[in-house]
Amino acid sequence: MSLLLNAEQTLLRDTAMAMLADRSPVSLLRELRARENGPGHEPALWDEVAALGWVPCWWPEQHGGLEMGFKGVGALFEAMGRHLSNLPLLSASVLGPSLLMEAQTEGERHAAWLEDISEGRMIVALAFEEQDRHDAGNALTRLLAAGAGASTSANAQGLLNGRKRFVLDGAAATHLIVSAMSDNGPTLVLVDVHAAGVSRQVRRTIDGRRVADFEFHNVAVEVGALLAVGERARAALDQALDRAAAVLAAESLGVAEEAFERTRQYLQQRVQFGVPIGSFQALQHRAARLKVELELARSAVAAALAAFDDPGLAPSQRALRASLAKALTADTTERVLNEAVQMHGGIGVTDELDIGLFLKRGRVIQMAFGDARHHRQRWAKLKGLA
Amino acid sequence: MTGAVTGQTGQPLAEFRLEVRAWLEAHCPASMRQPLKAEDMVWSGSRVEFASSDQRVWFERMRDRGWFSPQWPREYGGGGLSRAQVQVLEEEMRALGCRQPQFNLGIWMLGPVLLEFGTPEQKTEHLPGMSQGTVRWCQGFSEPGAGSDLASLRTAAVPDGDDFIITGQKIWTSYGDQSDWMYALVRTDANARKQDGISFILIDMKLPGVTVRPITLISGKSSFCEVFFDRVRVPQRHVIGGVNKGWSVAKRLLEHERSAMGKFSEGSAPSHDLVKASSGLLAGQGSAWTDDVVRAAMEQEAFGWTMARLREGAAAGQDVRSLAALVKLVQSEQETRKYELLHQLSGWEGLYAAGDGPDQASPRLPEGTLGDELTRLWLLAKTYTIAGGSSEIQLNLIARRILELPDGADASRRPS
């Protein structure tokens, strides 16, 4: 399985870079973060993105996808990182569809949902975090069989109770896939955000986006909305989390690459003591080390994305690569951004300069779906080291 | 034994491949298809030694095909193969697991520049000794006062009739004590700009006035030597590429060094696998230890993927300079860090001196315990980030060539 983009994916990346440079410059983020309300993205831009086919770009053809591979969607996330674009692509393209496609209950509704998602009308976010930071452990949210324990069948209509936190794209979401515990083990259910008993509290994040916390009080779950139960649910969730880790690693890489490039140019131009500061060896060596780290992180990201295009790879191998990419990009982005701020000096800590926006976006992506510590621990377990 | 392999350019490659495969299968002894260990390496030259008759047979058969240097012209003892055919030969050797029949700096480093810069007489005099494995070569570049700043070297070559009289000292010459000839950089003009007063010259190590002394490292015995020149008389015809033109010859040679390094690492002893080696040592040590190992192991893995990107990108004709520029830096630093971790993980075992006798000037060789070996490798690994262009030099190159950061006031003193 190649680590390089093929011709089609290269075209997708180049188109995305040009389109976002034009329609989603960093100034749009400044505008979005100043808005009082709204989904956190620019709806007109989202319509354009949907029209370009970005949402189903990696899906298999049987689900109405364009089959451009996971490396293809990874290239889109890298481009979004470079432009600090606010788009609900993680939920719309990756999380919701990944879980729907892995669901054990299939039917006409799934196909209809995927079609709505693919056209940008429906955005399915994943609601699974319950702790103060990423934790893929068991959910406290409960799905109880509706007739007071009369039926334990997995297909019974149920009632959902609990709370979920830090739902990415939560302000834009039309639906949620909620992880819950039922009598049959881990369970995934689809919930309309406007259903009775669902309350949403939108929270602004430091990077100018909007997430949401949700509470569920006796939310009725219909039979057809129960997506997966037991081992199947656990496996589907693991796979979705690994896919999310891989594309977020790509986005993080884009954030770091752009900040580094801006810093490199600043080192070439900024004059102190009568010379460009980039001529100082102390700064040259630090910049060179960042460049090396970025290349290593890029390789890890490429390997993680390619893993999802390789049908012969075991889930544990994909997990290892996803954790490698997420851990490396988390650390690398943190270092690159801290150095970017430092090397810009005083202007680097002003809100006027964009570098601070990259710093904040980098931090949010770093914490989402597990930071480096989380993924190193997981990698160690998978390798039998802990 | 001559078989049907013609190696003529123009022969269909697929046909050539079948012939090569058949020849290798028929002529490469089974024991020469086992993974190579460091002690199995056959160094050609006048002191060549074979540990087994299979080694000798494989050496002689490959030599007689001209396949020590398959791409060189036949008139110099080479195989006369095209570049594509050489690639086929290498692929088939890899596929069958055939060992390199011999190792010699002459073929990988000196030979290519001699072919490019040498006169017909120089080629005739020196290339057959390499391609037939009779002459072992060493490199005389670094000096005590000229390490990273190689161009400041001072070993002097003063003209005297048809000869140069060479006086000075070289250091870090690998296997200087085992070699027959040295290719060296010497100063032939003390007044010119430092790069413009250097000549590239070939020196017979048996000449009067040449003294070689092996260097003992912090890790014990090593292959590194000091070489002293006391009024050594060398014929002027041994200058390659013209008097005072040696710097550009050396730069070209160092380019060949990089590809040779790849061959060396293929042929050398397998390095410890960090995850495997540490998994036993980590038991009961706690999460801080595990996290240190995992960080290092993950970066190694990312480097592995980076090498895959480099190979794929190069094959696809992409610009891979920024990847190629980090290989030496990252590989050497990761090896160093790995042995730091493994040595510390080995606990007290890594602290005992070898043997029962008094502390020797040349303390230990890898024998016995894992602790002994890890101690030696921990110390030896310190050379990796210094030799062959120190990490600081690599960072200079990345900053200037890849990141295009501006030259500083001190730039004239750094390599370009």
Side-chain angles (χ1 to χ4, degrees), chain A residues 1-5 260-261 263-265 267-269 271 273-304 306 320-321 323-325 327-329 331-332 372-373 375-381 383-386, chain B residues 274-276 278-279 282-283 285-287 289-295 297-313 315-316 318 320 322-327 329-330 333-334 391-392 394-411 413-414:
Chain A
M1 181 54 63
S2 170
L3 298 176
L4 307 180
L5 298 184
F260 179 74
E261 176 55 23
T263 305
R264 187 183 74 86
Q265 289 176 16
L267 293 175
Q268 288 173 326
Q269 289 154 10
V271 172
F273 305 103
V275 292
I277 60 172
S279 65
F280 298 133
Q281 199 179 31
L283 293 179
Q284 288 187 346
H285 282 195
R286 280 160 57 186
R289 290 222 175 258
L290 297 177
K291 173 65 178 169
V292 170
E293 266 199 66
L294 281 167
E295 290 293 357
L296 293 185
R298 175 172 293 283
S299 308
V301 168
L320 278 168
R321 292 207 212 167
S323 279
L324 177 72
L328 252 61
T329 53
D331 276 350
T332 297
R373 295 170 195 89
H375 284 284
R376 281 199 298 269
Q377 275 181 0
R378 178 169 181 251
W379 195 88
K381 277 198 196 98
K383 283 275 188 184
L385 286 174
Chain B
L274 175 60
V275 171
K276 271 192 209 141
S278 59
S279 57
L282 276 174
Q285 298 299 317
S287 63
W289 266 115
T290 306
D291 198 51
D292 275 1
V293 170
V294 167
R295 278 170 189 268
M298 283 181 131
E299 278 173 29
Q300 283 184 5
E301 203 146 307
F303 178 66
W305 290 117
T306 304
M307 293 304 286
R309 268 177 70 212
L310 175 58
R311 279 191 299 273
E312 261 199 82
Q318 296 182 351
V320 291
S322 65
L323 297 181
L326 64 77
V327 171
L329 176 78
V330 174
E333 292 191 344
Q334 289 192 346
S391 293
E392 290 71 21
Q394 307 301 323
L395 291 168
N396 283 351
L397 296 176
I398 294 167
R400 307 231 337 247
R401 293 195 190 158
I402 306 300
L403 300 181
E404 296 175 345
L405 293 176
D407 288 354
D410 56 345
R413 297 199 297 275
R414 289 190 239 149

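Note that the structure is predicted; figures quoted are calculated from it, not measured. All chains are named by letter (A, B, ...) in the order of the sequence lines, taking the proteins before the strands, and each is independently numbered beginning at 1. For the numbers below, each heavy atom of this structure counts, side chains included, while hydrogens, waters and symmetry mates do not.
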Side chain, backbone, both or neither of [X] within contact of chain A (heavy atoms, under 4.5 Å):
| X | result |
| --- | --- |
| B/Ala297 | both |
| B/Gln318 | side chain |
| B/Gln300 | neither |

[X] side, atom [atom1]; [Y] side, atom [atom2] - distance, nearest 0.5 Å:
| X | Y | atom1 | atom2 | value |
| --- | --- | --- | --- | --- |
| A/Leu290 | B/Leu403 | CG | CG | 9.0 Å |
| A/Leu385 | B/Gln285 | CG | CD | 13.0 Å |
| A/His375 | B/Met298 | NE2 | CE | 8.5 Å |
| B/Ser287 | A/Gln377 | OG | CD | 7.0 Å |
| B/Gln394 | A/His285 | CD | NE2 | 10.0 Å |
| A/Arg289 | B/Ile398 | CZ | CD1 | 8.5 Å |

Option in A/Ala300, A/Ala297, A/Ala303 with maximal non-hydrogen atom pairs under 4.5 Å from chain B =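 Top option by heavy-atom pairs under 4.5 Å: A/Ala303.
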task = Between chain B and each of A/Leu324, A/Leu328, A/Leu320, A/Val292, count heavy-atom pairs under 4.5 Å; write down the option with the most.
result =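 Counting heavy-atom pairs under 4.5 Å, the top option is A/Leu324.
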Between [X] and [Y], what is the shortest heavy-atom contact and its length?
| X | Y | answer |
| --- | --- | --- |
| B/Leu405 | A/Gly278 | CB-O, 3.5 Å |
| A/Leu296 | B/Phe303 | CD2-CA, 3.8 Å |
| A/Ser299 | B/Thr306 | OG-OG1, 2.7 Å |

ask   = Which bit of A/Phe260 is near chain B, if near means a heavy-atom gap under 4.5 Å: side chain, backbone, both or neither?
value =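 Side chain only.
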N/O donor-acceptor pair under 3.5 Å between A/Gln284 side chain and B/Pro406 backbone =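 Yes; judged by distance alone, with no hydrogens or angles, the pair exists.
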request  = State, with a plain yes or no, whether a side-chain heavy atom of A/Glu295 is found less than 4.5 Å away from one of B/Val330.
outcome  =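 Of all side-chain heavy-atom pairs linking B/Val330 with A/Glu295, none is under 4.5 Å.
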task = Indicate yes or no: at least one non-hydrogen side-chain atom of B/Glu301 is less than 4.5 angstrom from one of A/Arg321.
result =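 SC-SC contact between B/Glu301 and A/Arg321 ruled out.
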key: Short side-chain donor-acceptor distance under 3.5 Å, B/Glu312 and A/Ser2   =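 Per modelled atom types, A/Ser2 and B/Glu312 side chains form a pair under 3.5 Å.
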